[in-house]
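Beneath this line is the structure, given in structure tokens, with notes to follow.
One is the number of the first residue; the rest follow in order along the sequence. Bear in mind the structure is a predicted one, so any value in this text is a computation, not a measurement.
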Amino acid sequence: LCLSIYLSMYQVTLTSRFKCIQNRRCAIIRPPRDGGIRYRGLTQEQIRSVQILPVDYEIEYICRGSRVIVGPKVRKCLPNGTWTDMNQLSRCCKCPFYPIKKLYIGALFPMSGGWPGGQACLPAAQMALDLVNNRTDILPDYELELIHYDSMCDPGEATKLLYDLLYTEPIKIVLMPGCSSVSTLVAEAARMWNLIVFSYGSSSPALSNRQRFPTFFRTHPSATLHNPTRVRLFQKWGWTKIATIQQTTEVFTSTLDDLEERVKEAGIEISVRQSFLTDPAVAVKNLKPVLGTQTFKTWFHLWQVFKEKLYGKKYVWFLIGWYADNWFKIKDPAINCTVENMTEAVEGHVTTEIVMLNPETVRGASNLTSQEFLAQLMSRLGGKNPEETGGFQEAPLAYDAVWALALALNKTVAPLRAKGWTLEDFNYNNKEITAEIYRALNTSSFEGVSGHVVFDAQGSRMAWTLIEQLQGGSYKKIGYYDSTKGNLSWYGNDKWIGLGPPADQTRVIEEFRYLSQKLFVSMSVFAGLGILLGIVCLSFNIYNSSIRYIQNSQPYLNNMTAVGCVLALAAVFPLGIDGLHVHRSQFPVVCQFRLWLLGLGFSLAYGSMFTKIWWVHTVFTKKDEKKEKRKHLEPWKLYATVAVLLAIDVLSLLIWQIVDPLHITVEKFTKEAPKEDLDVLIQPLLEHCSSEKMNTWLGVVYGYKGLLLLLGIFLAYETKSISTEKINDHRAVGMAIYNVAVLCMITAPVTMILSSQQDASFAFASLAIIFSVYITLVVLFVPKIRRLITRGEWQSEQQDTLKTGSSNNNDEEKSRQLERENRELQKIIQEKEERVTELRNQLAERQALRSRRRPSVQNQNQNHSVPSSQAEPPSYSPATDKQSLPASFSNSSNLYQGEGKLSRNNCHNSRLPLLYK
């Protein structure tokens with residue numbers, strides 16, 4: 001029978017309930033007579049003076065002597081002003097004596113070696129055991145006892161200790177190894193003894209293999225838990241390529257294998273993967289050729305990084321965050337690297353670290369907050385420096401590991417009792433009890449001092465990841481990542497040496513090369529002035545087309561030349577228009593304008609000059625009998641020649657544009673590094689007007705035009721000494737053809753060679769067009785303008801003829817006067833020859849009539865002929881005249897036999913001298 005003592009708390013609670021609800025606090029509960037209440041953080045004097053307690057405050061019932069608490073042992077102040085579990089009584093019960101059964105845990109704590117984590121983890125585990133054993137609601141009939149050894153984090157030493165744990169009494173229900181290498185050995189062997197292995201400090205991803213380690217659990221998250229955080233950061237910063245370097249140990253190799261799978265799923269490429277055993281020098285050097293990939297994962301001594309200059313604004317190093325915060329400031333005498341060098345090399349690197357201490361003020365299963373746990377742990381450590389105590393960061397994990405194990409064992413009591421088993425019945429051959437413990441651990445979920453404790457299917461702890469960055473020599477928290485929910489909590493306080501996170505590779509910026517605007521404006525001004533000059537020359541030529549001097553220069557051909565020059569100059573503007581001025585879709589239109597303006601301008605300007613020189617050469621280099629036939633100039637033939645040349649160009653351009661139209665093409669050049677120290681390369685691009693068979697079309701056009709230019713040079717040379725009235729400016733035309741031909745034949749190949757240099761190509765082509773046009777206009781039109789201005793447009797043709805000028809102009813005027821007189825004389829001679837023929841016919845008819853008449857009549861006619869001889873001119877001699885007259889007059893002496901007949905035929909003596917000319 002139990003002597004029950006009801007705790008006297010209800011009266012106080014009932015009388016103050018409304019006040020507590022109003023003040024949202026709980027009234028203090030006085031301890032019972034045979035028991036007591038533990039008020040955390042309050043002294044005896046404070047307990048006597050305090051009447052109300054804040055929300056979330058917890059109290060713990062304790063009993064004197066051998067009495068135990070029956071009912072709720074801990075009560076918590078709720079926001080509504082009441083305590084938890086008020087419907088259940090808490091009492092101190094003096095029960096009959098039952099022996100406490102012990103459950104043994106075999107543990108390996110590395111107190112020394114590579115990772116002396118047992119220095120802080122062992123006190124934390126002992127703290128948890130004390131609290132668990134004092135709890136009557138957790139394993140009330142059992143007491144947990146820890147049997148531990150120092151494994152020195154050495155698998156060889158751990159093997160010997162594991163043998164001692166297994167083959168010496170008492171039987172251990174659970175094994176608790178520390179570091180990964182020891183846990184691998186223990187977990188792989190434990191399944192032969194049906195033992196659950198629960199680790200507090202193992203991070204190796206290899207331990208997540210359920211086939212190899214079927215009974216393994218751990219409160220220390222796997223190192224692969226860093227990888228989801230890293231992948232999330234890669235995606236946040238827009239990286240698609242990374243490079244990795246690692247030490248060839250199992251934990252790092254398996255971690256990197258897992259990372260490789262995760263980044264592949266995320267569409268991220270590992271461009272370079274380097275590893276080393278002890279010396280990282282070669283591996284780091286192998287990273288040098290891939291400086292385009294600036295994001296790395298690495299686990300090795302970073303002094304090689306400083307030597308190879310793999311740090312700064314172009315690089316981000318990701319390190320494991322389990323090192324002490326000042327690890328880079330601890331001088332290693334074996335490495336020839338100063339603290340300043342190491343600090344410079346690691347500045348800005350990012351670490352991912354498992355959250356091992358709950359950042360929130362929450363009381364969990366142990367009824368301790370994380371800060372209270374740390375305070376008690378520091379008390380147990382005796383004031384040691386946490387940074388110098390091995391495993392201080394992992395101590396919360398060891399604490400929660402004991403609690404997780406205790407709660408799981410407590411959960412198995414009822415199921416085992418239902419099957420007729422108890423925990424003390426466990427032995428190394430009992431698989432049923434092991435299976436129950438496994439199920440209980442697999443479904444564990446509680447709040448611990450390290451955070452929420454829950455395990456995945458592989459027995460690994462699911463936890464948050466802390467993201468830190470080294471800023472100014474100290475680590476700053478920049479975010480958290482919850483891998484269970486995929487939630488990234490970002491503070492936004494990350495700092496970079498450059499303008500932001502570096503690119504995952506050398507970023508290539510496409511940059512179009514555009515024509516220099518100063519050059520374009522300069523050439524446009526000259527072209528505009530040339531167009532104005534061409535319009536002036538055209539207007540002058542049209543206005544003065546009635547003047548004989550202008551007429552003799554074939555003004556219509558000169559008009560065509562002026563129009564062609566204006567079109568050619570207009571082509572300068574589209575030649576300088578590029579993607580800076582028009583949209584890419586409109587660029588083909590600009591290409592068409594370039595081609596057509598230049599082609600038609602050349603055909604009109606050069607074709608009209610070529611026609612002139614061709615006609616001069618044709619007329620004055622033929623034989624005399626053919627020359628007489630060609631001296632009469634027919635203008636329509638000249639215009640037809642220009643029309644044929646123009647038609648050939650139009651037809652060829654139409655065929656070109658229909659069969660293979662011009663379109664925009666982009667030429668890529670060698671990548672260039674900018675002057676600034678940026679992690680980018682410039683990819684220069686240049687837009688061109690091109691077609692599929694551009695070289696073929698250019699070959700046809702250049703071949704045809706080149707033949708015309710060569711032929712023009714030849715004809716100009718052949719006619720350089722010829723003077724003609726019909727085309728009085730053919731020498732100026734020849735000079736213009738010389739210049740145009742030379743400039744065109746030089747410009748065409750040079751622009752093809754300089755096509756990749758937009759400024760030089762445009763300058764060369766534009767200057768060639770401008771010089772050709774200026775020379776042509778000046779040579780053809782300026783002398784005419786000067787002549788008309790100096791001599792006056794109002795002068796008559798006769799006055800203009802009598803003006804003295806150059807010898808060539810006087811010869812042309814004399815020749816023109818003689819040819820005019822000669823034409824008049826030829827006309828008169830032709831008229832007289834026709835009249836003489838008519839008179840001969842009449843004379844023959846009359847002689848025939850006389851022969852048939854009477855002799856008397858014939859004598860009478862002869863008598864009438866005597867006076868006619870008397871009427872002849874004084875100096876006239878028949879014989880002389882017969883010799884001096886032309887052949888047409890040799891048999892016409894009868895024409896002058898009588899004055900009467902001459903008078904009758906209207907042939908007067910005064911006109912005879914004109915016939916002799």
Side-chain angles (χ1 to χ4, degrees), residues 523-545 549-550 552-573 575 596-617 638-639 641-642 645-646 649 705-717 719-720 727-748 751 764-788:
M523 294 298 105
S524 298
V525 170
F526 283 112
L529 294 176
I531 292 174
L532 183 61
L533 177 61
I535 294 173
V536 171
C537 294
L538 179 62
S539 303
F540 164 80
N541 212 51
I542 294 174
Y543 181 78
N544 298 287
S545 59
Y549 181 71
I550 300 299
N552 289 338
S553 65
Q554 297 301 319
Y556 291 106
L557 291 180
N558 289 339
N559 292 344
M560 293 181 188
T561 302
V563 172
C565 290
V566 170
L567 291 178
L569 286 173
V572 172
F573 300 103
L575 279 175
W596 284 91
L597 287 176
L598 197 55
L600 296 180
F602 180 85
S603 297
L604 284 174
Y606 184 79
S608 57
M609 295 189 296
F610 177 81
T611 301
K612 283 185 179 183
I613 210 73
W614 171 269
W615 185 87
V616 173
H617 180 271
L638 301 178
Y639 308 148
T641 304
V642 178
L645 295 177
L646 186 62
D649 273 356
K705 302 290 185 184
L707 290 177
L708 282 180
L709 292 172
L710 292 176
L711 184 58
I713 293 176
F714 171 76
L715 296 178
Y717 177 77
T719 59
K720 66 180 185 298
I727 301 178
N728 57 17
D729 60 350
H730 76 281
R731 291 179 179 174
V733 170
M735 183 181 299
I737 287 177
Y738 284 143
N739 290 279
V740 171
V742 171
L743 287 174
C744 289
M745 287 189 291
I746 293 176
T747 303
T751 52
F764 211 93
S766 301
L767 288 176
I769 295 172
I770 291 172
F771 277 121
S772 299
V773 169
Y774 272 77
I775 291 173
T776 300
L777 294 176
V778 169
V779 168
L780 289 183
F781 293 98
V782 170
K784 296 180 178 63
I785 297 173
R786 179 176 176 274
R787 179 185 178 89
L788 293 184

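- Between Ala568 and Leu598, the closest heavy-atom pair is O-CD1, 4.5 Å.
- Minimum heavy-atom separation, Met560 to Leu604: O-CB, 3.7 Å.
- Residue pairs meeting the side chain to side chain donor-acceptor pair (under 3.5 Å) criterion with at least one member in residues 770-785, sequence neighbours excluded: Asp729-Lys784.
- Summarising the local packing, OH of Tyr556 is surrounded by 12 or fewer heavy atoms from other residues, nucleotides or ligands at distances under 6.0 Å.
- Looking at heavy atoms from C-beta onward, Leu780 lies in side-chain contact with Met609 at the 4.5 angstrom threshold.
- The distance from the CD1 atom of Ile785 to the CD1 atom of Ile550 is 8.5 Å, given to the nearest 0.5 Å.
- Closest approach of Cys565 to Ala605, counting heavy atoms only: N-CB, 3.9 Å.
- The CG atom of Leu567 sits 11.5 Å away from the CD1 atom of Ile769 when rounded to the nearest 0.5 Å.
- Across all non-hydrogen atoms, the minimal contact from Asn541 to Pro555 is ND2-O, 2.9 Å.
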Task: Derivation and outcome, side chain to side chain contact (heavy atoms under 4.5 Å, CB included), residues Leu711 and Leu707 - done: CA-CA 6 Å; Leu711 184 58; Leu707 290 177; over 6 Å; no
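- Using a 4.5 Å heavy-atom cutoff, the side chains of Phe764 and Ile746 are in contact.
- Once rounded to the nearest 0.5 Å, the distance linking CE of Met523 with CG of Leu569 reads 11.5 Å.
- A pairwise comparison of heavy atoms in Thr747 and Leu743 identifies OG1-O, 2.6 Å as the closest pair.
- Contact between Leu538 and Ala562 at its shortest, heavy atoms only, is CB-CB, 4.0 Å.
- With rounding to the nearest 0.5 angstrom, the CG atom of Leu575 is 10.0 Å from the OG atom of Ser524.
- With a 6.0 Å radius and a threshold of 12 heavy atoms from other residues, nucleotides or ligands, Trp596 has its CH2 atom above the threshold.
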Open item on the list: Go through it in stages, so that I can follow the logic: the residues are Tyr639 and Leu557, the test is side chain to side chain contact (heavy atoms under 4.5 Å, CB included), and I'd like the CA-CA distance, side-chain angles, deciding distance and then a yes or no.
Closed with: CA-CA 7 Å; Tyr639 308 148; Leu557 291 180; 3.9 Å; yes
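- At most 12 non-hydrogen atoms from other residues, nucleotides or ligands lie less than 6.0 angstrom from CZ of Phe771.
- Considering only residues two or more places apart in sequence or on other chains, Phe602 meets the ring-ring contact (aromatic ring centres under 6.0 Å, His included) condition with Tyr606.
- Screening Thr641, Asn559, Thr561 for a side-chain hydrogen bond (donor to acceptor under 3.5 Å, both in side chains) involving Ser608 leaves a single residue, Thr561.
- Counting heavy-atom neighbours within 6.0 Å of Met745 CE, excluding the residue itself, gives a total above 12.
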